[in-house]
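In what follows, a single structure is set out as structure tokens and then discussed.
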Amino acid sequence: MAYKRSLLLLIGYGFTATLTIFYGLVEKQSLFVTFVCFHLVVCLCIPVLHGWWEGSLQESWQFAWGQMEHRGVLFGVTSGVVLMLGASIGIWVLLRTEGRTETVRQVLELWGLNSRWIWWFSLYLVVVNSLLEELFWRGFVLQRFLVVMSRVVGILLSSFFYCLYHLVVSTVLFGFRWGCLMTLLVFGVGCFWGWMKGRFPSVYPTWFSHLLADLGLVIPVLWWIF
């Protein structure tokens, strides 16, 4: 019974992540509100409160970070470079459509992003967002899914919830068709990071890979949009 309750909570957390992104970007149209809701409430408060409720907060926190391994870090950096190049090239191809650059810029400005804050936003997105997402999805959600299901199912389910809120962002920016395609790619990358988490248990390999992948999304914004 306790396992079923924990599983239902984790599924609820997964949908909560998407709802916070939808609320921040679609309802409030604010990156600030989005980051507060998603990073503070979902990525930080939920794991802390859940760990406190389980009585394993310190143990869970230490496990999520783990010990840095040079082999894992090298693998994370190498895979991150590949993802960075793929993301930058993919966004460049999408922005070649006439009028799309201006449309994306208008949406980002509507959300509160402008040339004054773009560098701080980029730094925050690349470093902080990647770390918090890895601690939450691979360090918290996936590890608890693995208690009640197989590794393959746990990776698929956690990756589904991870990619779900990306559908909101990509659809608003690039339209429904491209948004669905980009979400499928995010799902695949999430599965890859879930596999990597099993191979290299600490947060560092997936974090560095994620960091570089996010950098691949930020570079086109800096070069071609703003």
Side-chain angles (χ1 to χ4, degrees), residues 14-43 80 82-134 136-137 158-193 209-226:
F15 283 116
T16 299
T18 298
L19 289 175
T20 58
I21 298 296
F22 181 86
Y23 173 76
L25 295 182
V26 178
E27 292 296 320
K28 305 304 290 186
Q29 297 183 335
S30 169
L31 286 171
F32 177 77
V33 172
T34 302
F35 282 150
V36 169
C37 291
F38 178 62
H39 289 154
L40 184 61
V41 176
V42 175
C43 294
V82 174
L83 293 172
M84 177 182 67
L85 293 174
S88 295
I89 293 172
I91 297 298
W92 175 75
V93 171
L94 287 176
L95 292 178
R96 294 189 67 185
T97 302
E98 184 177 356
R100 177 162 284 155
T101 300
E102 290 73 19
T103 300
V104 173
R105 184 188 301 114
Q106 289 173 2
V107 173
L108 293 176
E109 289 176 344
L110 180 65
W111 289 347
L113 186 63
N114 53 53
S115 56
R116 181 181 178 185
W117 306 106
I118 186 64
W119 287 100
W120 288 110
F121 166 80
S122 300
L123 181 63
Y124 184 88
L125 185 70
V126 169
V127 178
V128 179
N129 174 74
S130 60
L131 175 60
L132 292 180
E133 285 193 321
E134 285 309 311
F136 182 72
W137 292 112
S158 62
S159 299
F160 166 75
F161 286 118
Y162 168 66
C163 79
L164 190 59
Y165 60 87
H166 289 81
L167 179 63
V168 177
V169 180
S170 57
T171 298
V172 173
L173 290 176
F174 298 103
F176 183 73
R177 182 181 65 174
W178 288 111
C180 289
L181 177 59
M182 294 173 74
T183 302
L184 286 175
L185 293 174
V186 172
F187 174 77
V189 173
C191 290
F192 170 70
W193 285 333
S209 182
H210 196 153
L211 183 153
L212 290 168
D214 282 354
L215 181 60
L217 299 175
V218 164
I219 289 174
V221 174
L222 295 173
W223 281 3
W224 300 309
I225 297 178
F226 279 91

- [ ] Go through the steps for Tyr124 and Leu31 under the test side chain to side chain contact (heavy atoms under 4.5 Å, CB included), then give the verdict.
- [x] CA-CA 12 Å; Tyr124 184 88; Leu31 286 171; over 6 Å; no
Open item on the list: Go through it in stages, so that I can follow the logic: the residues are Val221 and Ser122, the test is side chain to side chain contact (heavy atoms under 4.5 Å, CB included), and I'd like the CA-CA distance, side-chain angles, deciding distance and then a yes or no.
Closed with: CA-CA 9 Å; Val221 174; Ser122 300; 5.7 Å; no
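- You'll find the side chain of Leu173 reaches within 4.5 Å of the side chain of Leu108, heavy atoms only.
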Open item on the list: Evaluate Leu19 against Glu27 for side chain to side chain contact (heavy atoms under 4.5 Å, CB included), listing each step before the verdict.
Closed with: CA-CA 10 Å; Leu19 289 175; Glu27 292 296 320; over 6 Å; no
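- Panel note: side chain Ser130, backbone Val127; a donor-acceptor pair is recorded below 3.5 Å.
- The distance from atom OG1 of Thr103 to atom CD of Glu98, rounded to the nearest 0.5 Å, is 10.5 Å.
- Heavy atoms only, all atoms of each residue included: Ser88 and Gly216 are closest at OG-O, 2.9 Å.
- When all heavy atoms of Phe38 and Ala17 are compared, the closest pair comes out as CE1-CB, 3.9 Å.
- Considering only heavy atoms from C-beta on, Cys180 comes within 4.5 Å of Leu167 through its side chain.
- Minimum interatomic distance between Phe136 and Cys43 (heavy atoms only, all atoms of both residues): CD1-CA, 3.9 Å.
- Between Ala213 and Leu83 the shortest heavy-atom distance is CB-CB, 3.9 Å.
- Tyr162 places none of its side-chain heavy atoms less than 4.5 Å from the side chain of Val189.
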Open item on the list: Using the rule given for side chain to side chain contact (heavy atoms under 4.5 Å, CB included), can you reason through Val36 versus Val41, listing the C-alpha separation, both sets of side-chain angles and the distance that settles it, and then say yes or no?
Closed with: CA-CA 7 Å; Val36 169; Val41 176; 5.5 Å; no
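- Judged purely by atom type and a 3.5 angstrom limit, Asp214 has no side-chain atom pairing as donor or acceptor with the backbone of Leu217.
- Trp178 pairs by the side-chain contact (heavy atoms from CB on, under 4.5 Å) definition with Leu94, Arg100, Phe174, Leu181, not counting sequence neighbours.
- Within 6.0 Å of the CZ atom in Phe192, the count of heavy atoms belonging to other residues, nucleotides or ligands exceeds 12.
- Minimum heavy-atom separation, Met84 to Leu212: CB-O, 3.1 Å.
- Atom CD1 of Ile118 sits about 6.0 Å away from atom CZ of Phe121, to the nearest 0.5 Å.
- Heavy atoms of other residues, nucleotides or ligands lying less than 6.0 angstrom from CZ of Phe176 number 12 at most.
- Nearest heavy atoms, Trp117 versus Gly112: CD1-O, 4.3 Å.
- To the nearest 0.5 Å, atom CG of residue Leu215 and atom CG of residue Leu123 are 10.5 Å apart.
- Taking NE2 from His166 and OG1 from Thr18, the interatomic distance works out to 9.5 Å, rounded to the nearest 0.5 Å.
- To the nearest 0.5 Å, the span separating CD1 on Ile225 from CD1 on Ile219 amounts to 12.5 Å.
- A heavy-atom distance below 4.5 Å is not found between the side chains of Val172 and Leu25.
- In this pair, Phe35 and His39 present their aromatic rings parallel. The plane angle is below 30°, not in the 30 to 60° band.
- Using cut-offs of 30° and 60° on the angle between ring planes, the pair Trp224 and Trp92 is tilted.
- Interatomic distance, Phe226 CZ to Leu113 CG, rounded to the nearest 0.5 Å: 4.0 Å.
- By the ring pair (Phe, Tyr, Trp, His ring centres under 6.0 Å) test, Phe161 is found to be paired with Phe15, residues two or more places apart in sequence or in another chain being considered.
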